[in-house]
There are 2 protein chains.
Amino acid sequence: MTQPSRALAGRPEATSHAEIEQAAFRLFAERGFEGTTMDAIAAEVGVGRRTLFRYYSSKNDIPWGQFDRTLEGFRQILDDMPTDIPLHEAVHRAVVAFNDFPDNASPPHRQRMRLILETPALQAHSVLRYAEWRTVIAEYVARRLGLEPDELVPSVVAQVSLALALTAYEQWLRLPEASLRELLGRAMLSLRVHLGVDIEERPNGASDLPQSAKTSGSIE
Amino acid sequence: MTQPSRALAGRPEATSHAEIEQAAFRLFAERGFEGTTMDAIAAEVGVGRRTLFRYYSSKNDIPWGQFDRTLEGFRQILDDMPTDIPLHEAVHRAVVAFNDFPDNASPPHRQRMRLILETPALQAHSVLRYAEWRTVIAEYVARRLGLEPDELVPSVVAQVSLALALTAYEQWLRLPEASLRELLGRAMLSLRVHLGVDIEERPNGASDLPQSAKTSGSIE
DNA sequence: ACAATAGATGCACTCGATGCCAAAAGGGAA
DNA sequence: TTCCCTTTTGGCATCGAGTGCATCTATTGT
């Protein structure tokens, strides 16, 4: 929608989502999120303030950028999951896959997530995004179990999946060396241990981590 | 601080938190949250707009009211939990106890929670409150395990506990007849079943519910 | 050159939030 | 009673996010 489809007529777009985000992040980095006004961003981009609001409906939406499009991918990942593995395994793998970035090329992603997770106004605003994300999971769970998305089990699974993902991200920001996929695995394992789940055989060898098992094992 | 301690000198307070909340909820009910301006609330209370902001630092804070004081109670409930029961059991019981209201006398509480959980602006704002609530749990878990509150396991437990509580509240609004404590129990049970936990003996007989077991049992 | 189209932008306005400061309202002591 | 001290009130000005409306501008197609 940014490059591919050129309108058949009409005034060309004065800027792009990408350009706005770059300018915005530049300002956020030097003045902080609260300290950056929409006027300032508009000036930096070289566009009218009113125009900015047509690209992003609110200042809080800028850091999330293209999240909507990403959700499509998430839905796809879930749909492609094999149906012969346990539901919890499928959901967990999908969450891991969704957050499996080029890893080393993640500095910009880390910066974005740090901004989102550490700025109060954005922490608050993000709930609305998380709700869409949870809906994707709830719908998948509901489909596999023959339930409605707003029933108890789909809701619980979606909400808990988000809880684990948020915890993993928190730790990811705290521990510069850990990888997100590793932390997601450890978070899930911690929960299982906490709830007293028997540590059964785990098909995906990548998720098992001696440290977390040792730490979590000391529970009670 | 509202009634007990009268200042030794100075102008008396023109209103109270309780009075403001009543007036505000009255207006929210008839015009909706977004449709109610701070000016309108101030007028309804019969006080200056500026004064309103000294009682509640933001419009979003009004529906939460006395939540801060409630948190003290929550901390207390956790501290009073017996240490000879499993950690997950202690946390769960504390969450249930914290949300165990007079039950039938809950219409006002239900109305408040409905407003909070269904108004986008409040959904977003509430994250900040939830964070404090999670901290209480994380600190308790950390203390019992000899860890720091910001480490993985305490974070996971706190975040998942919130996830379960939010799910239970969602269902509570959806199902007029169900009790919150029952829903919290069912949410926890659902999670255990989902993760493949063996349904072992449960010390507290109150949490087991045939319906939930049946529903959750149909997983896979 | 002209029409049609889609986007850009200025303007005015609402509303939440904040800093500053003078006025109001009570208690206590001279 | 009167004056002083204390505390809260609340008016005023200001900032910044958002929004509706009207108008202008840059392109493509005829």
Side-chain angles (χ1 to χ4, degrees), chain A residues 1-21 23-24 27-28 31-64 115 119-126 128, chain B residues 1-21 23-24 27-28 31-64 115-116 119-128:
Chain A
M1 195 177 261
T2 311
Q3 285 180 341
S5 72
R6 271 299 301 116
L8 297 82
R11 181 172 177 169
E13 296 166 354
T15 180
S16 66
H17 290 265
E19 190 184 4
I20 291 175
E21 281 177 46
L27 294 180
F28 293 159
R31 312 181 197 179
F33 182 78
E34 312 283 5
T36 305
T37 69
M38 286 298 265
D39 282 284
I41 300 174
E44 181 83 1
V45 178
V47 82
R49 190 182 101 103
R50 197 63 183 74
T51 301
L52 214 52
F53 276 105
R54 205 174 292 104
Y55 279 79
Y56 289 96
S57 52
S58 82
K59 182 181 167 184
N60 288 333
D61 281 314
I62 297 179
W64 278 99
L115 185 68
T119 304
L122 294 177
Q123 285 171 14
H125 180 74
S126 300
L128 309 173
Chain B
M1 196 178 262
T2 311
Q3 286 179 342
S5 71
R6 272 298 301 116
L8 296 83
R11 179 171 176 169
E13 294 166 357
T15 182
S16 66
H17 290 266
E19 190 184 5
I20 291 175
E21 280 177 47
L27 294 179
F28 292 159
R31 312 182 197 179
F33 182 78
E34 312 284 4
T36 305
T37 69
M38 286 298 267
D39 282 285
I41 300 173
E44 181 83 1
V45 178
V47 83
R49 192 181 102 101
R50 197 62 184 75
T51 301
L52 213 53
F53 276 105
R54 208 173 287 105
Y55 280 78
Y56 290 95
S57 52
S58 82
K59 182 181 167 185
N60 288 333
D61 281 313
I62 296 179
W64 278 99
L115 185 68
I116 290 175
T119 305
L122 294 177
Q123 285 170 15
H125 180 75
S126 300
V127 176
L128 309 172

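Labels below follow one simple rule: chain letters A, B, ... track the order of the sequence lines, proteins then strands, and each chain is numbered from 1.
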In whole Å, what is the span from the [atom1] atom of [X] to the [atom2] atom of [N]?
X       : N      : atom1 : atom2 : result
A:Leu27 : D:dG16 : CG    : P     : 14 Å
A:Ile62 : D:dG16 : CD1   : C1'   : 14 Å
A:Arg11 : C:dA6  : CZ    : P     : 15 Å

Residues from residues 49-61 of chain B lying under 4.0 Å of DNA chain D - heavy atoms: B:Arg50, B:Thr51, B:Arg54, B:Tyr55

Contacts of A:Asp39 that satisfy salt bridge (charged side-chain N to carboxylate O under 4.0 Å, His left out) - sequence neighbours left out: none

Residues in salt bridge (charged side-chain N to carboxylate O under 4.0 Å, His left out) contact with A:Glu19, at least two apart in sequence or another chain: none

Euclidean distance, A:Ile41 CD1 relative to A:Arg49 CZ, rounded to 0.5 Å: 11.0 Å

Separation of B:His125 NE2 from B:Asp61 CG (nearest 0.5 Å): 3.5 Å

For B:Phe33, ring pair (Phe, Tyr, Trp, His ring centres under 6.0 Å) partners two or more places apart: B:Phe28

Residue pair [X] / [Y]: nearest heavy atoms and the distance that separates them:
X        : Y        : result
A:Thr36  : A:Gly32  : OG1-O, 2.7 Å
B:Glu21  : B:Ile62  : CG-O, 3.9 Å
B:Leu52  : B:Ala42  : CD2-N, 3.7 Å
B:Tyr55  : B:His17  : O-CE1, 3.2 Å
A:Pro120 : B:Leu128 : O-CD2, 4.1 Å

Strand contacts (DNA chain C) in residues 32-46 of chain A, 4.0 angstrom heavy-atom criterion: none

Using the 3.5 Å cut-off, write out each protein N or O paired with an N or O of nucleotides 28-30 of chain C and the distance between them.
none

